[in-house]
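When reading the values below, keep in mind they use all heavy atoms of this one structure, side chains included, and skip hydrogens, waters and symmetry mates. Order of appearance sets the numbers: ligands from 1, and atoms from 1 within every ligand.
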Amino acid sequence: MTEKVTQVKLSYGRCAVSPKFFEDFYDDFMDSSPLIRARFENTDMEAQRALLRHGLSHLIMYAAGSHAAGMKVDRLADSHAKGKLDIQPWMYDHWIESLIRTVPRHDKKANAQLLSVWKEMIQMGVDKMISAH
Ligand code: HEM
């Protein structure tokens with residue numbers, strides 16, 4: 001696991017310094033379904049991109065075994081659950097697919113093996129969020 005964690009952390013570091021990474025992610029995610037686009041109709045996307053910078057690192061740290069990050073993911077799960085944002089489980093599949101399409105556009109070192117590790121790690125936090133829905 002440790003080597004996978006390092007691989008994803010380094011890859012995320014390369015993405016996070018790439019100026020349009022978060023913008024490209026949300027454009028791809030919103031393009032993936034009109035129902036998803038509608039959820040961000042009244043959202044300040046600049047603020048949202050800054051929030052995702054942290055949210056994504058919490059998902060990675062959670063997969064790396066951090067208890068503190070697990071508590072952050074619990075909080076995210078709570079805000080996205082029924083009665084609040086009410087994010088449907090299928091929307092998380094789109095979220096992961098968008099991420100996996102966006103990473104290689106910004107991380108020149110990305111390859112199929114690295115992307116499958118990304119997917120495996122992100123899925124852990126997403127499963128936690130979906131199970132709280
Ligand atoms: C597991 C992946 C996700 C992460 C890390 C994430 C992260 C965040 C964060 C950090 C916020 C800020 C507010 C808060 O802390 O609750 C937020 C808000 C939000 N998220 Fe997510 N999110 C994820 C998945 C999704 C999905 C699949 C959708 C589906 C459309 C979604 C839609 C929203 C919306 C609509 C808001 C509120 C925007 C506003 O304030 O107008 N999120 N998300």
Exercise. For T43, take its heavy atoms, then give the atoms of ligand 1 lying under 4.0 Å from any of them.
Key: 38 (C), 39 (C), 41 (O)
Quiz item: Is the backbone N or O of M45 less than 3.5 Å from a side-chain atom of T43, with the two atoms forming a donor-acceptor pair by type?
Solution: no
Quiz prompt | Polar contact flag for H80 and ligand 1 (N/O pairs, less than 3.5 Å) | solution = yes
Practice problem: Have a look at ligand 1 and work out which part of V126, if any, has a heavy atom under 4.0 Å from it: side chain, backbone, both or neither. | Solution: side chain
Practice problem: Identify, for atom 26 (C) of ligand 1, the protein heavy atom at the shortest distance, and state residue, atom and that distance. | Solution: I87 CG2, 3.6 Å
Self-check item: Closest to atom 19 (C) of ligand 1 (judged by heavy-atom distance), picking from L85, D78, L51
Solution: L85
Exercise. Identify which one of D31, D24, D28, D27 satisfies the salt bridge (charged side-chain N to carboxylate O under 4.0 Å, His left out) criterion when paired with R101.
Key: D28
Quiz item: Do K108 and R14 have side chains that get closer than 4.5 Å, going by heavy atoms?
Solution: no
Quiz item: Does the ring center of F25 lie less than 6.0 Å from the ring center of F29?
Solution: yes
Self-check item: Subset of ligand 1 atoms that lie under 4.0 Å from at least one heavy atom of S79
Solution: 14 (C), 16 (O)
Quiz prompt | Polar contact flag for R39 and ligand 1 (N/O pairs, less than 3.5 Å) | solution = no
Exercise. Quick one: look at Q48 and ligand 1, take heavy-atom pairs under 4.0 Å, and tell me if it's side chain, backbone, both or neither.
Key: side chain
Exercise. Could you name the option among F29, F40, Y92 that has the heavy atom nearest to atom 34 (C) of ligand 1?
Key: F40
Quiz item: Among L76, D44, D127, L56, which one has a heavy atom closest to atom 10 (C) of ligand 1?
Solution: L76
Self-check item: Donor-acceptor under 3.5 Å (R39 side chain, L85 main chain)
Solution: yes
Quiz item: Which heavy atom of the protein is the closest neighbour of atom 4 (C) of ligand 1, given with residue, atom name and distance?
Solution: W95 CZ2, 3.8 Å
Quiz item: Hey, which atoms in ligand 1 end up nearer than 4.0 Å to a heavy atom of M129?
Solution: 1 (C)
Self-check item: Side chain S11, main chain Q7, donor-acceptor under 3.5 Å
Solution: no
Exercise. Name the orientation class of the two ring planes belonging to Y92 and H80 (parallel below 30°, tilted from 30 to 60°, perpendicular beyond 60°).
Key: tilted
Exercise. Go through the side-chain N and O atoms of H133 and D86 and say whether any donor and acceptor fall under 3.5 Å apart.
Key: yes
